[in-house]
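Note that these values count all heavy atoms, side chains included, but never hydrogens, waters or copies made by symmetry.
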Amino acid sequence: MMTAKFLSTIVLMAALAACGGHSARVEAGVPVATANWRAVATQPDRERLRDWRDAWMAALDRIRGSDAAELAAQGGAVRSGSCVA
């Protein structure tokens, strides 16, 4: 008859084996780890990177109108945008 410790070990080994995966996954035809992001960046990606500061400032304007106290509680880094640069 199997002991509880032995059964627990078998269950743990099966669970760990099920969690294993491949190290080089591919999503949307692009390897997960790539050295040259420019080779896989799409035009919308480039636009987002170019316009991030405008989007940040627009978001700050929206929060100022709806929850200025929360914005003030975050400190100067959030207001200046230095926390995302």
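When all heavy atoms are compared, the tightest approach of Asp45 to Val40 is OD2-O, 4.4 Å.
Distance check, rounded to the nearest 0.5 Å: CZ of Arg46 to CH2 of Trp37 gives 6.0 Å. Here the CZ-CG distance, from Arg38 to Leu49, works out to 9.5 Å after rounding to the nearest 0.5 Å.
Take Asp61 and apply the side chain to side chain donor-acceptor pair (under 3.5 Å) test, not counting sequence neighbours, and it matches Arg64. Listed by chain and residue number, nothing satisfies the side chain to side chain donor-acceptor pair (under 3.5 Å) test with Asp51 (two or more places apart in sequence, or in another chain).
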